[in-house]
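Data block below; observations after.
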Amino acid sequence: MVFDTYDVVVVGAGHAGCEAAAAAAHLGSKVLLVTMDLRLMASMSCNPAMGGIAKGQIVREIDAMGGLSGIVSDRSMIQFRMLNKSKGPAMWSPRCQSDKMLFSAEWRNLLEQVEGLDFMQDVVTGLLFEGDRVAGICTLMAGNIAARTVILTNGTFLNGIIHIGENHFSGGRVGEMASFGITEQLVERGFESKRLKTGTPIRIDGRSIDFSKLEEQKGDAEVPGFSYLGNPTIAGQRSCYIARTSLKVHETLRKGFQYSPMFAGRIKGVGPRYCPSIEDKIDRFAGKDSHQLFVEPEGWTTQEYYLNGFSSSLPVAIQYEALRQIEGFENAKVLRPGYAIEYDYFLPEQLHHSLETRLVHGLFFAGQVNGTTGYEEAACQGLMAGINAHRLLNDEAPIVLSRSEAYIGVLIDDLITKGVDEPYRMFTSRAEYRILLRQDNADARLTEKAYQMGLASSDRYERFMQKQQEVQEMVLFLKTTSVDPDAVNGLMAQCGSSPIAQRTKLGFLLLRPQVSLRAMMAHLDFLKERYDMTDPFVRECAEETEIQIKYEDYIEKENDMAEKLNRLENVKLPSDFDFHTLHALSYESREKLAKYRPETLGQASRISGISPADISVLAILLGR
């Protein structure tokens, strides 16, 4: 054997692979990251953006635990927006446009600084096994490499096929070869694999776009960013734009439906429900005259633009013709057509919540191989797989985040207890405790845990503790400090709130929906002197303080509900239990419990088709 045995080998250097390799190495494992092209680490294959609805919360959770996606996003962003600010704080979601070349370069730069992490450009053609354990990988050029654990993060590369109109060819992305052999080998060992489909839109030369006909969408004035380590410095921001299709565009696209690989049945994989192709939207929403499109720059210096919402696998000529019928794109020049890609994934119910496979000890899956879609969903799985691969090697219990702790916990639990028959995308509506899982408090939920396991740095932990202390002091001060009517009734009038008639606590005034802490601090001189709101750290603490005061009752209620339901998570089910012997359950329930093999009563309760009565039977059986 030419190479020493690695503790962890990560196959694939997409978002999942990069986070997995970084986490395992930071924890002390000897790691090898293998990818087909070292120049494309964490490549933004689709849209040049991070975050968004629920996805932004995931990036902040990754950062709170010591992952790198938030830091890279802050260093490479060209625009930042906090989405859903008109709604409650549970819905606020950070999102940034990224310079996609800089994003990939920053990832490589950070990974090359990680001690114990090696890199290799090669093609992985299969896995090595010793009985029911993984033993390493087989590569095209270097041969066999021994490993104690392996994390597969192959993205869309497993038997990938690219479709454009009636043309189709092998590939993991345009210009990159697909990966063959791994799926077939694992299926032989008893794994179940299916096909999914995703797509990407046309890329346009920005010099040929008439932006005067488009609606400009600027970034926010304040840029808190993603990482809790500090606010990013960004000199200016690039604008995005909004365009719209029309009935004429739809008519042109319909001309290509007869050549569509999706409608003709050449694509067997199921596509994403919540990010469909433009032809799918026109077919599914036939009564809609127009669809909104987002025109997004791909970097600081490039003139390449991404047309978000115009994903297509129609023939190239149809894509071009329809594009030039969109207002502002009459003279558009195309850099690359849109295409669809079909690929293999493994049914995620074949995993433990640690993301280790049930059939092969030491083998982990993360990212799109588990049926998810999106950079953020992949990255958080990679983080958890890297953590748990390291912990497995050190005889430590896996880290499994609960549904009340993190969107990461919601995502992994959904995959394993509900399965996937279409690409899984995270939404705030998937989380039953979203008042607890806000983007502002990911550090309060996760940094202590990450620090105790050795992943979050001491600098990160110290900053977290400083913030917690500042917020506690700020809450106490506002709840115990009273003001006279004369001092605040002017502010009440400005805010459209009724005046007060007697001295009132600031915290009590803050319960009014019209009154904000920022407005108080701008109006009251003694608050101005106490809190410097030009300091980003003070603004961060003030935001957390206001949320804690305004939503205290809601937060307490949701915490109580989470604690009650989490009791089921502490009731373990025997790993070798024969559910078929429970004749008090329906046949369907026995079949589903045997298939998904839940590890706790809580997991069992979330399997589709398992009723409260079924849970009661299991609880009685376990002496509960």
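Everything numeric here is computed off the predicted structure, so don't read it as measured data. Residues: numbered from 1 along the sequence shown.
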task: Would you give the length of the straight line joining atom OG1 of T245 to atom CZ of F310, rounded to the nearest 0.5 angstrom?
output: 8.0 Å
field: ring pair (Phe, Tyr, Trp, His ring centres under 6.0 Å) evaluation trace for Y407 with Y433
entry: CA-CA 9 Å; Y407 274 93; Y433 306 115; over 10 Å; no
Residues R425, E377: salt bridge by 4.0 Å N-O rule: no
task: Look at E296 together with R95 and state whether they make a salt bridge at an N to O cut-off of under 4.0 Å.
output: yes
query: Given S76 and D99, is the side chain to side chain donor-acceptor pair (under 3.5 Å) satisfied, shown in steps?
result: CA-CA 6 Å; S76 58; D99 183 312; over 6 Å; no
Face-on cation placement of K85 at W92 ring, 6.0 Å and 45° thresholds: yes
- prompt: Do the ring centers of H15 and F103 come within less than 6.0 Å of each other?
  reply: yes
- prompt: Do Q237 and I78 come within less than 4.5 Å of each other through their side chains, counting heavy atoms only?
  reply: no
- request: With rounding to the nearest 0.5 Å, note down the distance linking CD1 in I204 to CG in L323.
  value: 4.5 Å
- prompt: Hey, does the side chain of Q350 reach the backbone of L347 with a donor-acceptor pair shorter than 3.5 angstrom?
  reply: yes
message: Quick one about T156 and Q368 (side-chain donor to acceptor, distance below 3.5 Å, no hydrogens or angles considered), yes or no?
response: no
task: Walk me through it: do R173 and S45 pass the test side chain to side chain donor-acceptor pair (under 3.5 Å)?
output: CA-CA 7 Å; R173 284 189 291 250; S45 316; 2.9 Å; yes
- request: Would you check if there is a donor-acceptor pair between the side chains of S589 and D614 at a distance under 3.5 Å?
  value: yes
- request: For the residue pair S93 and Q57, establish whether any side-chain heavy-atom pair is separated by less than 4.5 Å.
  value: yes
message: As a quick check of understanding, evaluate ring pair (Phe, Tyr, Trp, His ring centres under 6.0 Å) for Y339 and H168, giving each step before the final call.
response: CA-CA 10 Å; Y339 64 87; H168 64 274; over 10 Å; no
query: Are any non-hydrogen side-chain atoms of P297 and T302 less than 4.5 angstrom apart?
result: no
field: Note, E216 side chain near F211 side chain (heavy atom, < 4.5 Å)
entry: no
query: Are any non-hydrogen side-chain atoms of L351 and N370 less than 4.5 angstrom apart?
result: yes
message: Take a 6.0 Å sphere around NZ of K418 and say whether it holds more than 12 heavy atoms from other residues, nucleotides or ligands.
response: yes
query: Judged by modelled atom types alone, do R434 and T428 share a side-chain donor-acceptor pair under 3.5 Å?
result: no
message: Under 6.0 Å from the ring centre and within 45 degrees of the ring axis: does the NZ or CZ of R430 meet both conditions for the six-membered ring of Y424?
response: yes
task: Give, for atom CE of M50 and atom CD1 of I58, the distance between the pair rounded to the nearest 0.5 Å.
output: 9.5 Å
message: Let me confirm one number: the CG-NZ distance from L517 to K550, rounded to the nearest 0.5 Å.
response: 9.0 Å
- prompt: Just by distance, do the side chain of E330 and the backbone of R324 share a donor-acceptor pair under 3.5 Å?
  reply: no
task: Take E304 and R336 through the test salt bridge (Lys or Arg N to Asp or Glu O under 4.0 Å) and record every step on the way to the result.
output: CA-CA 10 Å; E304 185 172 351; R336 193 184 79 190; 5.8 Å; no
Ion pair K592/E588, N-O distance below 4.0 Å: yes
query: Is the shortest side-chain N to carboxylate O distance from R438 to E544 below 4.0 Å?
result: yes
- prompt: So does K194 pair up with D344, basic N to acidic O under 4.0 Å?
  reply: no
- request: Check G206 against Y305 and note the closest heavy-atom contact, atom names and distance.
  value: CA-CD1, 3.5 Å
- prompt: If only atom types and distance count, is the side chain of N441 paired as donor or acceptor with the main-chain N or O of L436 below 3.5 Å?
  reply: yes
message: Less than 4.0 angstrom from a charged side-chain N to a carboxylate O is my criterion; do E327 and R244 meet it?
response: no
message: Can a donor-acceptor pair be found, under 3.5 Å and without considering hydrogens, that links the side chain of K197 to the backbone of P423?
response: no
query: Does the pair R518/E222 count as a salt bridge with the N-to-O cut at 4.0 Å?
result: yes
query: Under 6.0 Å from the CZ atom of R284, do we count more than 12 heavy atoms belonging to anything else shown?
result: yes
message: For F191 and F365, take the angle between the two ring planes, folded into 0 to 90°, and tell me which bin it lands in: parallel under 30, tilted 30 to 60, perpendicular over 60.
response: tilted
field: Sub-4.5 Å side-chain heavy-atom contact between F257 and R254
entry: yes
query: Are the side chain of S104 and the backbone N or O of M41 linked by a donor-acceptor pair below 3.5 Å?
result: yes
task: Look at the rings of Y554 and Y551 and say which category their plane angle falls in: under 30° parallel, 30 to 60° tilted, over 60° perpendicular.
output: tilted
message: Quick check for you: to the nearest 0.5 Å, what is the distance between I209 atom CD1 and Q303 atom CD?
response: 8.5 Å
message: Can you confirm whether E543 sits close enough to I547 that some side-chain heavy atom of one is under 4.5 Å from a side-chain heavy atom of the other?
response: yes
message: Is any side-chain heavy atom of K100 closer than 4.5 Å to one of Y306?
response: no
field: Verdict with supporting geometry, R60 and D440, salt bridge (Lys or Arg N to Asp or Glu O under 4.0 Å)
entry: CA-CA 8 Å; R60 299 218 87 188; D440 62 278; over 6 Å; no
Short side-chain to backbone donor-acceptor contact, E19 and S69, under 3.5 Å: yes
- request: Scan side-chain atoms only and decide if T417 and R606 contain a donor-acceptor pair under the 3.5 Å cut-off.
  value: no
- request: Dump the intermediate steps for side-chain contact (heavy atoms from CB on, under 4.5 Å) on Y345 and S193, then the final yes or no.
  value: CA-CA 6 Å; Y345 81 103; S193 172; over 6 Å; no
message: Quick check against the 3.5 Å criterion: does D74 have a side-chain atom that pairs as donor or acceptor with the backbone of S227?
response: yes
N/O donor-acceptor pair under 3.5 Å between S277 side chain and S312 backbone: no
- prompt: Do R445 and E61 pass the side-chain contact (heavy atoms from CB on, under 4.5 Å) test, and can you show the C-alpha distance, the side-chain angles, and the key distance before you say yes or no?
  reply: CA-CA 8 Å; R445 292 183 274 120; E61 289 174 357; 2.8 Å; yes
field: Interatomic distance, T372 atom OG1 to D414 atom CG [nearest 0.5 angstrom]
entry: 12.0 Å
- request: Give a yes or no on this: more than 12 heavy atoms of other residues, nucleotides or ligands lie within 6.0 Å of atom CE of M101.
  value: no
- prompt: How far apart are the C-alpha atoms of Q79 and S239, what are their side-chain angles, what is the distance that settles it, and do they pass the side chain to side chain donor-acceptor pair (under 3.5 Å) test?
  reply: CA-CA 7 Å; Q79 188 200 78; S239 291; 5.2 Å; no
task: Answer yes or no: is there an ion pair linking E106 with R75, defined by an N-O contact shorter than 4.0 Å?
output: yes
statement: Heavy atoms of I326 and A243 approach each other most closely as CG2-CB, 4.2 Å
- prompt: Looking only at atom types and distance, does a side-chain atom of E558 sit under 3.5 Å from a main-chain N or O of I435, one as donor and one as acceptor?
  reply: yes
message: Under a 3.5 Å distance rule, please check whether D63 uses its side chain to pair with a backbone N or O of Y228 as donor and acceptor.
response: yes
- prompt: Taking it one step at a time, do S313 and E279 satisfy side chain to side chain donor-acceptor pair (under 3.5 Å)?
  reply: CA-CA 8 Å; S313 59; E279 56 264 35; 3.2 Å; yes
